[in-house]
Amino acid sequence: MSVTLAVLLWSVDDRESQLHHYEDDVLRLVAEHRGRVLTRVRNIDAADHPTETQVIEFTDQSAFDAYMTDPRRVAMAYRRDACVARTEVWRVDSV
């Protein structure tokens with residue numbers, strides 16, 4: 001069964017650009033783990049809403065788990081910690 005996630009990210013104040021660059025790099029790994037980024041959008045208006053929202057789909061739970069534990073992704077955690085203030089991840093279904 002596929003795993004589809006809505007990922008909402010809030011940046012650390014004045015670090016929106018760093019968040020976007022980090023996400024550019026980490027999302028490049030998704031396809032290597034039988035996944036795909038269905039949608040990626042950036043907030044252009046309200047400061048109290050997520051800076052970036054993504055919908056990502058993996059073929060199954062093991063593909064998602066492999067992405068989450070990919071050593072290259074783990075090695076970028078310090079970058080994430082510097083620019084991401086808050087994350088919400090929701091498992092969703094397409095309608």
Assess whether a salt bridge exists between R42 and E23, defined as any Lys/Arg side-chain N lying under 4.0 Å from an Asp/Glu carboxylate O. no
Is the shortest side-chain N to carboxylate O distance from R72 to D25 below 4.0 Å? no
Taking all non-hydrogen atoms of both residues into account, name the closest pair between [X] and [Y] and its distance.
X   : Y   : value
S2  : E57 : OG-OE2, 4.0 Å
L27 : Q54 : CD1-NE2, 3.5 Å
L9  : R80 : CD2-NH2, 3.8 Å

Please answer: with hydrophobic residues joined when any side-chain heavy atoms are less than 4.5 Å apart, are V26 and V30 in the same cluster? yes
ILVMFWY cluster, V37 and V92 together (side-chain gap under 4.5 Å): no
Are side-chain N/O atoms of Q18 and E16 paired as donor and acceptor at under 3.5 Å? no
Side chains of R40 and T53: is there a donor and an acceptor less than 3.5 Å apart? no
Tell me the ring pair (Phe, Tyr, Trp, His ring centres under 6.0 Å) pairs involving residues 3-48, sequence neighbours left out? none
The test is side chain to side chain contact (heavy atoms under 4.5 Å, CB included); show your working for D81 and V84 and say whether it passes. CA-CA 6 Å; D81 293 344; V84 178; over 6 Å; no
Give, for atom [atom1] of [X] and atom [atom2] of [Y], the distance between the pair rounded to the nearest 0.5 Å.
X   : Y   : atom1 : atom2 : answer
M68 : L29 : CE    : CG    : 12.0 Å
T59 : F64 : OG1   : CZ    : 12.5 Å
L5  : L38 : CG    : CG    : 10.0 Å
D93 : T4  : CG    : OG1   : 6.5 Å

Given 3.5 Å as the limit, does a donor-acceptor pair link the side chain of N43 with the main chain of P50, or not? yes
Between S11 (side chain only) and L19 (backbone N and O only), is there a donor and an acceptor less than 3.5 Å apart? no
Under the 6.0 Å and 45° cation-pi test, does R73 pair with Y67? yes
Could you go through F58 and D60, starting from their C-alpha distance and side-chain angles, then the distance that decides it, and tell me whether this counts as side chain to side chain contact (heavy atoms under 4.5 Å, CB included)? CA-CA 5 Å; F58 291 90; D60 55 34; over 6 Å; no
